[in-house]
Amino acid sequence: MAGLSLRSIYKKYPGGVVAVSDFNLEIKDKEFIILVGPSGCGKSTTLRMIAGLEEISEGELYIGDKLVNDVAPKDRDIAMVFQNYALYPHMTVFENMAFGLKLRKVPKDEITRKVEEAARILDISHLLDRKPKALSGGQRQRVALGRAIVREPQVFLLDEPLSNLDAKLRAQMRTEISKLHQRLGTTFIYVTHDQTEAMTMGDRIVVMKDGFIQQVDSPQNLYENPANLFVAGFMGSPQMNFVDSVLRKINGKYAVEFGYNEAKGTGKKYYVELPESKVDDEVLSQYVDQEIIMGIRPENIHDEEMFLSTATTGIIDATVEITELMGAETYLYLNCEGIQLTARVSPRSTARPQDVIKVALDANKIHIFDKETEKAIVN
């Protein structure tokens with residue numbers, strides 16, 4: 001088995017286009033690592049460089065202890081699963097899964113054993129005689145995974161493998177792939193633009209934007225301690241609320257002020273006092289009376305009486321614009337002094353469109369970002 005080491009990797013195309021910049025990452029043996037980010041952020045290009053399908057412009061790529069920059073894809077001991085499955089339409093499922101082994105002159109009985117074992121793991125034994133056109137999307141995806149498994153590679157590369165499936169099947173296949181990773185005990189590198197997939201599947205997540213790594217961390221840490229505004233907005237659904245604010249120091253305590261529009265002289269001033277646990281005097285003292293961006297996740301905006309009656313700070317008035325009942329929860333889309341907020345509340349909430357309600361922002365869950373650099377100041 002093998003870990004991977006990507007050291008100062010760049011991908012430059014003719015015409016000065018840089019798709020990936022200074023990519024540094026150590027991937028441990030048997031780790032499930034996820035590359036996530038919006039379209040065009042360089043995640044698939046990075047995966048293709050690991051596979052050997054794209055040339056590395058600068059930097060070094062090690063698989064195990066071996067420098068593989070100039071090693072052909074077939075000799076890298078990796079298997080790749082593509083978004084479009086890439087199955088041969090004229091071959092049966094068995095032939096598709098066996099094809100790579102045949103090319104390697106693996107003995108016939110060993111091919112049969114490996115294909116049947118992979119089919120059993122993926123629950124597609126009953127499909128081995130069918131052609132791809134007679135399969136559903138989920139079944140084709142399993143065949144593509146099976147074709148990779150039979151090769152027993154050191155590293156699995158998966159490029160948006162679930163994006164062609166419907167929502168229900170996607171959720172099912174997420175758990176299947178996680179189970180598969182545990183069963184095979186192989187290194188998995190998985191590319192997706194879907195942050196739900198990233199949050200639920202990976203040991204660690206690499207968040208990318210414009211070819212640069214923004215943050216590498218566990219799903220929980222990315223969610224709770226985002227390094228910057230981009231990561232905070234990208235991880236989590238519905239996304240974090242961002243509010244243009246000013247940091248004040250009142251009676252020796254730090255507070256976030258928002259709602260009042262100084263230029264227009266309109267609106268009401270609201271304050272959220274920062275709890276001691278979030279105060280780092282050395283950092284915050286530089287931002288007093290400066291513009292900042294406050295972030296708060298939808299689940300940390302509360303309309304329950306129990307929360308409102310105990311909150312000492314951060315209670316605001318807001319107009320309900322839209323309500324979305326999601327079954328186990330309700331989303332409230334709110335307007336407070338022209339600021340759009342999304343709250344994730346109990347399905348028992350009685351709020352209706354056009355109601356003016358009070359909600360409380362949980363001061364313990366506030367994030368603060370530098371307005372210029374967009375870096376996190378307080379998490």
Hey, does the side chain of [X] reach the backbone of [Y] with a donor-acceptor pair shorter than 3.5 angstrom?
X: Asp75; Y: Ala72; value: no
X: Asn69; Y: Gly59; value: yes
X: Arg151; Y: Ile78; value: yes
X: Lys43; Y: Gly37; value: yes
X: Arg140; Y: Pro132; value: yes
X: Gln215; Y: Ala227; value: yes
X: Ser245; Y: Val256; value: no
X: Asn241; Y: Ile296; value: yes

Any side-chain heavy atom of [X] sitting closer than 4.5 Å to one from [Y]?
X: Leu145; Y: Met173; result: yes
X: Arg170; Y: Asp194; result: yes
X: Asp281; Y: Lys249; result: yes
X: Leu361; Y: Met294; result: yes
X: Phe156; Y: Leu184; result: yes
X: Leu341; Y: Ile316; result: yes
X: Leu53; Y: Met80; result: yes
X: Val359; Y: Val345; result: no

Rounded distance (nearest 0.5 Å) linking atom [atom1] of [X] with atom [atom2] of [Y]:
X: Lys179; Y: Leu122; atom1: NZ; atom2: CG; result: 11.5 Å
X: Leu127; Y: Arg142; atom1: CG; atom2: CZ; result: 9.0 Å
X: Glu55; Y: Met49; atom1: CD; atom2: CE; result: 11.0 Å
X: Ser163; Y: His193; atom1: OG; atom2: NE2; result: 6.5 Å
X: Ser346; Y: His302; atom1: OG; atom2: NE2; result: 11.5 Å
X: Phe82; Y: Leu157; atom1: CZ; atom2: CG; result: 9.0 Å

Provide the closest heavy-atom pair for [X] versus [Y] in the form atom of the first, atom of the second, distance.
X: Asp77; Y: Glu152; value: OD1-O, 4.1 Å
X: Ser178; Y: Met201; value: OG-CG, 3.8 Å
X: Gly314; Y: Val272; value: CA-CG2, 3.8 Å
X: Leu61; Y: Ile50; value: CD2-CA, 3.6 Å
X: Ile9; Y: Leu6; value: CG1-CB, 3.9 Å
X: Leu334; Y: Ala343; value: CD1-CB, 4.1 Å

Here's one to test your reading of the geometry: is the NZ or CZ of [X] within 45 degrees of the ring axis of [Y] and under 6.0 Å from its centre?
X: Arg7; Y: Tyr62; answer: yes
X: Arg147; Y: Tyr85; answer: no
X: Lys209; Y: Phe212; answer: no

Give a yes or no on whether [X] and [Y] share a hydrophobic cluster (residues Ile, Leu, Val, Met, Phe, Trp, Tyr; joining criterion: side-chain heavy atoms under 4.5 Å apart).
X: Met235; Y: Ile33; answer: no
X: Ile213; Y: Ile205; answer: no
X: Leu35; Y: Leu162; answer: no
X: Val71; Y: Ile63; answer: yes
X: Phe23; Y: Ile27; answer: yes

- prompt: Going through the distances and angles, do Glu329 and Tyr331 end up as a side chain to side chain donor-acceptor pair (under 3.5 Å)?
  reply: CA-CA 7 Å; Glu329 59 200 8; Tyr331 297 160; 3.1 Å; yes

- prompt: Yes or no on side chain to side chain contact (heavy atoms under 4.5 Å, CB included) for Asn164 and Gln83, after CA distance, side-chain angles and deciding distance?
  reply: CA-CA 7 Å; Asn164 291 344; Gln83 180 178 349; 4.0 Å; yes

field: Asn225, Asn379, Asn300 screened by side-chain hydrogen bond (donor to acceptor under 3.5 Å, both in side chains) with His367, the one that passes
entry: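 Going through Asn225, Asn379, Asn300 one by one, the side-chain hydrogen bond (donor to acceptor under 3.5 Å, both in side chains) with His367 is satisfied by Asn379 alone.
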
Do [X] and [Y] have a side chain donor and acceptor closer than 3.5 Å?
X: Glu31; Y: Thr187; value: no
X: Thr192; Y: Glu197; value: yes
X: Glu54; Y: Tyr13; value: yes

field: salt bridge (charged side-chain N to carboxylate O under 4.0 Å, His left out) between Asp317 and Lys268, intermediate numbers included
entry: CA-CA 10 Å; Asp317 300 303; Lys268 184 176 170 185; 3.2 Å; yes

task: Any chance you could lay out the side chain to side chain contact (heavy atoms under 4.5 Å, CB included) test for Tyr10 and Ile56, step after step, and finish with the verdict?
output: CA-CA 6 Å; Tyr10 284 80; Ile56 295 171; over 6 Å; no

Quick check: are there more than 12 heavy atoms from other residues, nucleotides or ligands sitting under 6.0 Å from [atom1] of [X]?
X: Gln290; atom1: CD; result: yes
X: Lys365; atom1: NZ; result: no
X: Tyr88; atom1: OH; result: no

field: Electrostatic pair Glu110:Lys114 at N-O distance under 4.0 angstrom
entry: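 So Glu110 pairs with Lys114 through a salt bridge.
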
task: Assess whether side chain to side chain contact (heavy atoms under 4.5 Å, CB included) is satisfied between Ile368 and Lys278, documenting all intermediate values.
output: CA-CA 10 Å; Ile368 297 178; Lys278 290 201 174 281; over 6 Å; no

- request: Decide yes or no on salt bridge (charged side-chain N to carboxylate O under 4.0 Å, His left out) for Asp289 and Arg248, but give the supporting numbers first.
  value: CA-CA 5 Å; Asp289 299 331; Arg248 300 289 190 205; 3.0 Å; yes

field: Parallel, tilted or perpendicular: ring planes of His181 versus Phe32, cut at 30 and 60 degrees
entry: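 Judged by the thresholds at 30° and 60°, the geometry between His181 and Phe32 is perpendicular.
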
Full working for side chain to side chain donor-acceptor pair (under 3.5 Å) between Glu337 and Asn261: CA-CA 9 Å; Glu337 302 297 348; Asn261 187 324; over 6 Å; no

- prompt: Cluster partners of Val356, using ILVMFWY side-chain heavy atoms under 4.5 angstrom, listed by chain and number?
  reply: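 Reading the cluster by chain and number, Val356 sits alone, since nothing else belongs.
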
field: Glu224/Gln220 under side chain to side chain donor-acceptor pair (under 3.5 Å): CA gap, chis, key distance, verdict
entry: CA-CA 6 Å; Glu224 291 175 1; Gln220 195 67 29; 2.5 Å; yes

